**Q** 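My structure is below; once you've seen it, I'll send some questions.
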Amino acid sequence: MLKLFMPGLRQRKIPRVGLSRCISTQESFKSEAVTKSTHDLSLLKFDSNGSNNLYAIFKLYNIPYLVTKGDKVVLPYKLKNAEAGDKLILNNVTTIGSPNFTYSDNKGIKQELYDLTAKVIEITKEPYYEVYRTKPRCRRVKTFGVQPYQTILMISELKLK
Amino acid sequence: MPVKGIAKTALSRNGVSSYVLPCHRVVLQYCNWGGSSQGIRDLLKSGQLDTIARQRESVVFEIARRSGHPKLSFKFAHDKSKEVNIANLDKSEIVRKLQDNIQSSGSELFKWNHKVMSSNESVRGIWSPLHVSNENRFKI
């Protein structure tokens, strides 16, 4: 379980074939990792135990979130045009991985390879707190009450197609 | 020896397959006489509440006329409830309070200083420097 092997391309002196697409594998599959630059995700699928051992990194407003199925994602803002109960199809996924394999593409993995959806389960607020602001050469301290919005998503589906 | 399953407690994860809105009942309390209820009286007269109620069919909207300051009370799943004072608020502010609280779960407000809340075990396990293959190990 703890055997991890994710060498970078540069580290192993492999020419960058097929852009940034690669399958990094465990040591025993090293030779395969060098040659594979295709969309064949059968190894990943086999290793993921029916998407029980599967994780994905998706990006939302360019911020990466590493999730598994059933996770809650806490966004520190009110998501635009979304309401509680809405289903979101997350289509900017950069990495999908299992215990031994990783498939990643910085430009985004093709959407026909995976299924990643989230549901907006709650739009709420953070607890009230106060911030203090001062101006130079003025002794007065201004107090502002703040209570920002929060959006909570639940990862409802994560699987390889 | 019989094969035994691994015992695991079930988690209620609203939203994984189906989603049920936690808020199921809203009581709008207003007074017909007091000035602090002017906003909610305007709202009730305008008919805007009908459109809001039609959008959320799973929520029961109840209108109660009682003396005193107006308030909204929300009933959520797991016997949670919340009361919001709407005295002296105008129509649009009341609508905003209504929409915000209907979409919350009714649990206490909290700040989570991480991005993801997970109850699953880590897929990759805990990283250990001793389990890296020899050639990639950090050498002093």
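Quick caveat: nothing in here was measured; it's all calculated off a predicted structure. Quick note: numbers below take in every heavy atom, side chains included, and nothing from hydrogens, waters or symmetry partners. Quick note on labels: first sequence line is chain A, next is B, and so on, each numbered from 1.
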**Q** Quick one, A/Leu79 and A/Tyr61 - any side-chain contact, counting heavy atoms below 4.5 Å?
**A**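 The answer is yes, as the side chains (C-beta and beyond) meet within the 4.5 Å cut-off.
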
**Q** Is there a donor-acceptor contact under 3.5 Å from the side chain of A/Lys45 to the main chain of A/Gly50?
**A**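 The answer is no, because no donor-acceptor pair under 3.5 Å joins these two groups.
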
**Q** List for me each residue that meets salt bridge (Lys or Arg N to Asp or Glu O under 4.0 Å) alongside A/Lys78, sequence neighbours excluded, and say none if there are none.
**A**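 Salt bridge (Lys or Arg N to Asp or Glu O under 4.0 Å) list for A/Lys78, sorted by chain: B/Asp100.
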
**Q** Only pairs of heavy atoms separated by less than 4.5 Å count here; which of A/Val74, A/Thr124, A/Asn52 has the most with chain B?
**A**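 Counting heavy-atom pairs under 4.5 Å, the top option is A/Val74.
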
**Q** Heavy-atom distance under 4.5 Å between the side chains of A/Pro148 and A/Val146, does that happen here?
**A**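 A side-chain contact under 4.5 Å exists here.
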
**Q** Name the region of A/Glu126, side chain, backbone, both or neither, that has any atom closer than 4.5 Å to a heavy atom of chain B.
**A**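 For A/Glu126, backbone and side chain are both near chain B.
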
**Q** At a heavy-atom separation under 4.5 Å, does A/Pro64 approach chain B through its side chain, its backbone, both, or neither?
**A**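 Both backbone and side chain.
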
**Q** For B/Lys82, what residues pass the salt bridge (Lys or Arg N to Asp or Glu O under 4.0 Å) criterion, not counting sequence neighbours?
**A**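 If we apply the salt bridge (Lys or Arg N to Asp or Glu O under 4.0 Å) test to B/Lys82, skipping adjacent residues, there are no hits.
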
**Q** Sort out for me which of B/Tyr19, B/Phe110, B/Trp112 touches chain A most, counting heavy-atom pairs under 4.5 Å.
**A**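 When all of B/Tyr19, B/Phe110, B/Trp112 are compared, B/Tyr19 has the most.
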
**Q** Are A/Ile123 and B/Leu21 co-members of a hydrophobic cluster defined by side-chain heavy atoms under 4.5 Å apart?
**A**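 They do not share one cluster, since no chain of ILVMFWY contacts under 4.5 Å joins B/Leu21 to A/Ile123.
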
**Q** State whether the number of non-hydrogen atoms from other residues, nucleotides or ligands found under 6.0 Å of B/Lys97 atom NZ is greater than 12.
**A**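 It does not: B/Lys97 NZ has 12 such atoms or fewer within range.
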
**Q** Side chain, backbone, both or neither: which part of A/Tyr149 has a heavy atom under 4.5 Å from chain B?
**A**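 Side chain only.
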
**Q** What parts of residues 42-70 of chain B touch chain A if we use heavy atoms and a cut-off under 4.5 Å?
**A**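 Against chain A, the residues of residues 42-70 of chain B that fall inside the cut-off (heavy atoms, under 4.5 Å) are B/Arg56.
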
**Q** What part of A/Ser98 gets closer than 4.5 Å to chain B, counting heavy atoms only: side chain, backbone, both or neither?
**A**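 The backbone, not the side chain.
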
**Q** Is A/Lys135 close to A/Arg140 at the side-chain level, that is, under 4.5 Å between some pair of heavy atoms?
**A**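 When only atoms from C-beta onward are counted, A/Lys135 and A/Arg140 do not touch, as no gap falls below 4.5 Å.
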
**Q** Quick one: ring pair (Phe, Tyr, Trp, His ring centres under 6.0 Å) partners of A/Tyr128, sequence neighbours excluded?
**A**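 With sequence neighbours excluded, A/Tyr128 shows a ring pair (Phe, Tyr, Trp, His ring centres under 6.0 Å) to no residue whatsoever.
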
**Q** Which residue out of A/Glu157, A/Lys119, A/Glu122, A/Gln150 racks up the most heavy-atom pairs below 4.5 Å with chain B?
**A**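 Top count of heavy-atom pairs under 4.5 Å with chain B: A/Glu122.
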
**Q** Would you say that more than 12 heavy atoms from the other residues, nucleotides or ligands in this model lie under 6.0 Å from the NZ of A/Lys161, or not?
**A**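 Check passes, neighbour count above 12.
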
**Q** Select one option (side chain, backbone, both, neither) describing which atoms of A/Lys72 are under 4.5 Å from chain B's heavy atoms.
**A**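 Both parts, heavy atoms under 4.5 Å.
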
**Q** Quick check on A/Glu83 against chain B: is it the side chain, the backbone, both or neither that has a heavy atom closer than 4.5 Å?
**A**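 Contact with chain B involves both backbone and side-chain atoms of A/Glu83.
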
**Q** What option among A/Asp71, A/Ile152, A/Val120 has the most heavy-atom pairs under 4.5 Å with chain B?
**A**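 Of A/Asp71, A/Ile152, A/Val120, A/Asp71 has the most heavy-atom pairs under 4.5 Å with chain B.
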
**Q** Heavy-atom distances under 4.5 Å only: say whether A/Leu54 touches chain B with side chain, backbone, both or neither.
**A**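 Contact with chain B: backbone only.
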
**Q** Are A/Phe101 and A/Phe46, when compared by the centres of their aromatic rings, separated by less than 6.0 Å?
**A**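 When the ring centroids of A/Phe101 and A/Phe46 are compared, they turn out to be at least 6.0 Å apart.
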
**Q** With a 4.5 angstrom heavy-atom cut-off, is it the side chain or the backbone of B/Ser118 that approaches chain A, or both, or neither?
**A**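 Interface part for B/Ser118: both.
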
**Q** Would you say A/Phe58 and A/Val73 make side-chain contact, with heavy atoms under 4.5 Å?
**A**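 Contact flag for A/Phe58/A/Val73 side chains = yes.
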
**Q** Quick one: what part of A/Leu75 sits under 4.5 Å from any heavy atom of chain B, side chain, backbone, both or neither?
**A**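 Neither part; nothing is under 4.5 Å.
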
